[in-house]
Amino acid sequence: MLISKDENFRTSSVYIASLILKHFNKKKTNKLNIFDIAQELKKHNIVKYRQIISGLFFLYTTGIIDFWQW
């Protein structure tokens, strides 16, 4: 189940993933670092690392984003 009826929608991994994708679209780039993503999510009152990681993990498991190191 992606979203539970008992869960706050604004803290769900699907909602956070959509915010991350919107940030990618706004920046018009295919590379972002974790600090840029965290700064953008802070504007939406998402500051807990678990929420950020769950959104990134959702995008990674669906194959939308990929992680690589320099």
Side-chain angles (χ1 to χ4, degrees):
M1 178 180 297
L2 292 177
I3 301 174
S4 171
K5 66 181 176 85
D6 300 325
E7 180 184 12
N8 183 1
F9 178 71
R10 302 239 182 236
T11 60
S12 70
S13 60
V14 177
Y15 176 73
I16 294 169
S18 71
L19 292 175
I20 294 170
L21 289 177
K22 285 180 186 178
H23 186 58
F24 269 103
N25 194 23
K26 184 171 77 172
K27 287 288 190 176
K28 295 184 170 90
T29 185
N30 59 358
K31 296 178 187 177
L32 285 177
N33 62 32
I34 190 73
F35 303 111
D36 290 338
I37 293 170
Q39 191 69 21
E40 179 66 21
L41 292 177
K42 192 183 291 186
K43 295 176 187 174
H44 297 280
N45 202 23
I46 299 169
V47 294
K48 296 182 180 175
Y49 76 94
R50 184 173 287 190
Q51 296 171 328
I52 297 169
I53 296 301
S54 70
L56 288 171
F57 185 70
F58 176 76
L59 291 172
Y60 180 74
T61 56
T62 55
I64 296 173
I65 65 170
D66 193 19
F67 299 109
W68 61 277
Q69 64 186 72
W70 308 48

If you link ILVMFWY side chains whenever their heavy atoms are less than 4.5 Å apart, which other residues fall into the same cluster as Y49? By chain and number, please. I53
Considering residues at least two apart in sequence or located in another chain, which fulfil the side-chain contact (heavy atoms from CB on, under 4.5 Å) criterion with K31? T29, W68
Return the CD1 to CG distance between I64 and L21, rounded to the nearest 0.5 Å. 5.5 Å
Can you tell me how far the CD atom of Q51 sits from the CD1 atom of I46, to the nearest 0.5 Å? 6.0 Å
Inter-residue atom distance R50.CZ - I16.CD1, 0.5 Å rounding: 12.0 Å
My understanding is that only residues two or more places apart in sequence, or in another chain, count here; which of them pass ring-ring contact (aromatic ring centres under 6.0 Å, His included) with F57? none
N30 versus F24: any side-chain heavy-atom pair under 4.5 Å? no
With rounding to the nearest 0.5 angstrom, report the CD1 to OG distance, I20 to S13. 10.0 Å
A17 and G55: which non-hydrogen atoms are nearest, and at how many Å? CB-O, 3.8 Å
In sequence, state the C-alpha distance, the side-chain angles, and the governing distance for I65 and L56, and then conclude on side-chain contact (heavy atoms from CB on, under 4.5 Å). CA-CA 8 Å; I65 65 170; L56 288 171; 3.9 Å; yes
Can you find a pair of side-chain heavy atoms, one from I34 and one from I52, that are under 4.5 Å apart? yes
Does V47 belong to the same Ile/Leu/Val/Met/Phe/Trp/Tyr cluster as Y15, with side-chain heavy atoms less than 4.5 Å apart forming each link? no
Within this structure, what is the CD1-NZ distance for the pair I37 and K27, rounded to the nearest 0.5 Å? 11.0 Å
What distance do H44 atom NE2 and S18 atom OG have between them, rounded to the nearest 0.5 Å? 9.0 Å
In chain order, what residues pass the salt bridge (Lys or Arg N to Asp or Glu O under 4.0 Å) check against K43, with sequence neighbours excluded? E40
Nearest heavy-atom neighbours spanning L32 and D36: CD2-OD2, 4.0 Å
